[in-house]
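Read the structure below first, then the notes.
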Amino acid sequence: MAICLTLFVGAWAVVRHWSVPVAIGMCVVAAVLPPIATIVANRRGPDDRWWDEEP
């Protein structure tokens, strides 16, 4: 999350003065990182048995 905040703040506080498209790209990357991190963190390994767990 710190990386996302750094990207957002850096994009609009510093980078936009030199290049608005780069600042927008940084914001897009910052917006995509949390869902990717969630998917990677919650994936199961090939040996995990999830279909026979007790509810």
Side-chain angles (χ1 to χ4, degrees):
M1 192 54 124
I3 294 171
C4 293
L5 290 174
T6 304
L7 284 171
F8 274 122
V9 171
W12 296 113
V14 179
V15 177
R16 73 177 169 96
H17 296 295
W18 289 280
S19 176
V20 173
V22 172
I24 293 171
M26 288 172 66
C27 288
V28 168
V29 169
V32 171
L33 282 177
I36 291 173
T38 303
I39 291 168
V40 170
N42 288 320
R43 69 179 174 186
R44 295 181 186 260
D47 295 331
D48 289 342
R49 297 183 62 170
W50 55 270
W51 60 87
D52 59 355
E53 290 180 352
E54 295 293 323

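Residue numbers start at 1 and run along the sequence shown.
Linking Ile, Leu, Val, Met, Phe, Trp and Tyr residues whenever their side-chain heavy atoms come within less than 4.5 Å leaves V15 and V9 in two separate clusters.
For T6, the side chain to side chain contact (heavy atoms under 4.5 Å, CB included) test picks out no residue, with sequence neighbours left out.
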Can I get a per-line list of side-chain donor-acceptor pairs under 3.5 Å for residues 24-42, giving both atom names and the distance, sequence neighbours left out?
unit_1	atom_1	unit_2	atom_2	d
T38	OG1	P34	O	2.9
N42	ND2	T38	O	3.2

